[in-house]
Asks: 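Input: one structure, supplied below.
Numbered from 1 within each chain, the chains take letters A, B, ... in sequence-line order.
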Number of protein chains: 2
Amino acid sequence: MSPARGGNGNGGRAKRPTMVDVAREAGVALRTVSRVVNNDPTVGPEYVAKVQAAIRALHFRPDERARQLRTGIAGTIGAAVRRIAEVNPALAAIEQTARAAGLTLLAASTDFDESRERDTLVSMCRQRLDGIIVEPFGESHGYLEPELDAGMPVVAMDRPMSALSVDCVMSDNAAGIGMAFHHLHQHGHRRIAYIGDSERVFSGRERAAAFRAALIAHGQPVSGLVHPGDIAAERVAAALDTALDAADPATALVTGNMDTTIAVLRQLGPQAASRLAIVAFDDVPLADLLQPALTVIAQDTTQIGHTAVELLRARIADPSRPVQTVIVPVSLTVRGSGEVPASAATTA
Amino acid sequence: MSPARGGNGNGGRAKRPTMVDVAREAGVALRTVSRVVNNDPTVGPEYVAKVQAAIRALHFRPDERARQLRTGIAGTIGAAVRRIAEVNPALAAIEQTARAAGLTLLAASTDFDESRERDTLVSMCRQRLDGIIVEPFGESHGYLEPELDAGMPVVAMDRPMSALSVDCVMSDNAAGIGMAFHHLHQHGHRRIAYIGDSERVFSGRERAAAFRAALIAHGQPVSGLVHPGDIAAERVAAALDTALDAADPATALVTGNMDTTIAVLRQLGPQAASRLAIVAFDDVPLADLLQPALTVIAQDTTQIGHTAVELLRARIADPSRPVQTVIVPVSLTVRGSGEVPASAATTA
DNA sequence: CTGAAAGCGCTAACAC
DNA sequence: GTGTTAGCGCTTTCAG
């Protein structure tokens, strides 16, 4: 079409037509244009035609910002997650559910950085989004207090929001860890270790606690078997050594989140299966292609994302409704790594 | 803090303070508040203090929408990619580069759906974003013509934009396929097949063409060895059968994109390495943990994302600059699957 | 069913 | 230095 847009002559941004321009072009009142744009049925068909013709002729596009400023509603919700651009089925579900509800989604990464999280959330508040879904990362969200008081709807995902009473949706961490432990126990393992995320994080805390409880319930000593901590490869490797090099080494392992799982697999190398049985919390991409394929406790991420949006929509609709926490069940996906019998595991 | 936010009594959203309220509270003029909020240095320190006190007292947050409407600049760019919430290092780089430039990123999925792509892009235009980065999916983007004419900056990523002259950044597809072929040829393979994305997609077209060229350059017949098509598992399985069950079966395979690669690996199962050598276009998450680890042609996704933002910023700054296409080099990452010698490959 | 006028919350000319 | 005023592009009372 227009071949040399690069040099369009005027050397700058062309002025965009507004509703006033459309009204003049169509020979109608501004109000009529507004009605046509918003599909108001109370406009005469011939007027509709005239206005639409003018809209097309001028390539008019309504300015969403002005509309939002006037109506006060954004039609957009924010999602502050740890990482966009990473596999995140919950985020995918959020986007899909939001779209189905006619909402635009503004997704941003908090990137495991507390100040980034703060910047992101404050920015979303300044943009007057209709609501925010957040995977909380930091431990102090006091700065959101006035926003909540001002009526900004917020839903926490995966973790509750520190000290703030907001709606929350998360997995049943304790049940998942219990299932993992039980599964390994049923396959004959009596020395089962846990390596997971830091207990400074809520989910890390819940999962480690659940694992300790499982050990105690089965009459096993806790010492040397529970290793929460940061997700750095070195820390995970050290924890693995402790678990496997003990006098009475672990024959099975529960990993507490995806990062830990991947670090463990990298550390164990190709011979993982010959050394111990593994059940991982969180499904991992391509887990079915590993050897052995990875047995996991899978979160119902679709349900989590969907619920997050629905909780948010409910709060937008009724800001005074009681705060609600939804716990989503997890499930065991058997693929091989968790079914290695205790007898097959060799000492290090 | 406030314990029962769920029932805050007024049963609805509290009215937020505006600059007028802050001005009244501080006993200054509206203009002064605006200046303080925008860090204008020409305000007396005592006024600054008074205004900031009022801002804190009222929990005032400026309304970004009004600011945008007035100034005409959004401070936000859009990224319409196939999938947020999937591994996409280019998107991660876009977010990071945008943030470093003080730009907010609005990311949305086009979800392999042409009408969704259109909705997304039109929505971004209506929001008057400062610019848009798009991984084009559909083949007809004529509806963007008026936007471009109106000065909306657009940059295409991974693929050029059908018939529209916009800036573009993409990988050197031909070189990558050439490298893959050459690598396998050097390891003794003389029957090398290609399974890739549909030729309806630009990159699929380029890669298939490059592969045909490589075959011809090495004096091999093209017939039965080049299989572009959709990425469904069945189609890939059929292509694989054709390549491996021929009278003179392929001993090596080049896969054309990540989806094809994963489909092929799933189809081949654990014994992939004993059947043929594989070099994959596009790196795959956990490729290093597969057995054998996957040899890939890796795109410089970080560079692509970074360049996309820089191209966009350059166009925002100077809408009349010449349209530019940047080709980013790819590299070979050797991990094992591509180094299986031809002699080791068995017939099906 | 349509038209004139006010105003969403902010910034940017101007005068003081 | 600070205060007043107009207006970004749209929606929405109110009269006609």
Side-chain angles (χ1 to χ4, degrees), chain A residues 13-51 54-55 58-76 123 125-130 150-152, chain B residues 13-52 54-55 58-76 123 125-130 150-151:
Chain A
R13 186 165 308 206
K15 166 100 175 59
R16 302 192 68 118
T18 83
M19 278 195 178
V20 180
D21 301 317
V22 175
R24 189 174 333 122
E25 172 84 11
V28 301
L30 176 57
R31 175 78 178 99
T32 309
V33 177
S34 173
R35 282 198 159 118
V36 171
V37 166
N38 293 290
N39 298 312
D40 188 320
T42 72
V43 190
E46 54 217 68
Y47 283 83
V48 172
K50 271 200 289 188
V51 170
I55 287 176
L58 300 177
H59 299 301
F60 167 77
R61 292 243 204 265
D63 187 326
E64 189 60 27
R65 298 172 301 184
R67 177 199 178 84
Q68 285 179 25
L69 181 60
R70 185 60 234 245
T71 61
I73 71 164
T76 302
S123 161
C125 291
R126 287 167 74 126
Q127 292 187 62
R128 302 291 193 272
L129 300 187
D130 291 336
M152 172 63 80
Chain B
R13 186 165 308 204
K15 167 107 174 56
R16 302 191 69 117
T18 86
M19 278 198 180
V20 180
D21 301 318
V22 175
R24 190 175 332 124
E25 172 84 10
V28 301
L30 175 57
R31 177 75 180 107
T32 308
V33 177
S34 172
R35 283 195 157 121
V36 171
V37 166
N38 292 289
N39 297 314
D40 187 321
T42 74
V43 190
E46 54 216 70
Y47 284 82
V48 172
K50 270 200 290 189
V51 170
Q52 283 181 339
I55 287 176
L58 299 177
H59 300 301
F60 167 77
R61 293 242 204 265
D63 187 325
E64 188 60 28
R65 298 172 301 184
R67 176 198 177 84
Q68 286 179 24
L69 180 60
R70 187 61 235 247
T71 62
I73 72 165
T76 302
S123 161
C125 291
R126 287 167 74 125
Q127 291 187 62
R128 302 292 193 270
L129 300 187
D130 291 335

Asks: In whole Å, I'd like the distance from the CG atom of A:Leu30 to the P atom of D:dC10.
Replies: 8 Å
Asks: Can you tell me how far C1' of D:dC10 sits from CZ of B:Arg126, to the nearest Å?
Replies: 12 Å
Asks: Judged by each residue's nearest nucleotide on DNA chain D, which is more toward the 5′ side, B:Pro41 or A:Thr71?
Replies: B:Pro41
Asks: Between P on C:dC14 and CZ on B:Arg31, what's the gap in Å once rounded to a whole number?
Replies: 13 Å
Asks: Quick one: is B:Arg67 getting a side-chain N or O under 4.0 Å of the C:dT11 phosphate, OP1 or OP2?
Replies: yes
Asks: How about A:Arg128 and B:Arg16: do any of their side-chain heavy atoms sit closer than 4.5 Å?
Replies: yes
Asks: How would you label the contact of A:Val43 with the nucleic acid (heavy atoms, under 4.0 Å): base, sugar-phosphate, or nothing?
Replies: sugar-phosphate
Asks: Could you state the atom-to-atom distance from NZ of A:Lys50 to P of C:dC1 in whole Å?
Replies: 15 Å
Asks: Respond yes when some side-chain nitrogen or oxygen of B:Ser34 is under 4.0 Å from OP1 or OP2 of C:dT11, and no when none is.
Replies: yes
Asks: Are B:Thr76 and B:Gln127 side-chain neighbours, meaning at least one heavy-atom pair lies under 4.5 Å?
Replies: no
Asks: What's the CD-P distance between B:Gln68 and C:dC10, to the nearest Å?
Replies: 13 Å
Asks: Specify the residue among B:Arg35 and B:Arg70 whose closest nucleotide of DNA chain C lies further upstream toward the 5′ end.
Replies: B:Arg70
Asks: Quick one: does B:Asp40's side chain have a donor or acceptor within less than 3.5 Å of a partner on B:Thr42's backbone?
Replies: yes
Asks: Which distance, rounded to the nearest 0.5 Å, do you find between the CD of B:Gln68 and the CG of B:Asp130?
Replies: 8.0 Å
Asks: Between A:Asp63 and A:Thr18, is any pair of side-chain heavy atoms under 4.5 Å apart?
Replies: no
Asks: Which part of the nucleic acid, if any, lies within reach of B:Val37 when heavy atoms closer than 4.0 Å are counted: base, sugar-phosphate only, or nothing?
Replies: nothing
Asks: Please report, rounded to the nearest Å, how far the P atom of C:dG7 is from the CG atom of B:Asp63.
Replies: 18 Å
Asks: Please state how far atom CG in A:Asn38 lies from atom C1' in D:dT13, giving the value in whole angstrom units.
Replies: 16 Å
Asks: Phosphate oxygens OP1/OP2 of D:dC8: is one of them under 4.0 Å from a side-chain N or O of A:Thr18?
Replies: no
Asks: B:Gly27 or B:Arg128: which one's nearest nucleotide on DNA chain D is closer to the 5' end?
Replies: B:Gly27
Asks: Checking all strands, does A:Arg65 fall into the base, sugar-phosphate, or nothing category for heavy-atom contacts under 4.0 angstrom?
Replies: nothing
Asks: Can you tell me if A:Thr32 touches the phosphate of C:dG3, counting only side-chain N or O atoms and a distance under 4.0 Å to OP1 or OP2?
Replies: yes
Asks: Grab the CG-C1' distance between A:Leu69 and D:dT11 for me, whole Å please.
Replies: 10 Å
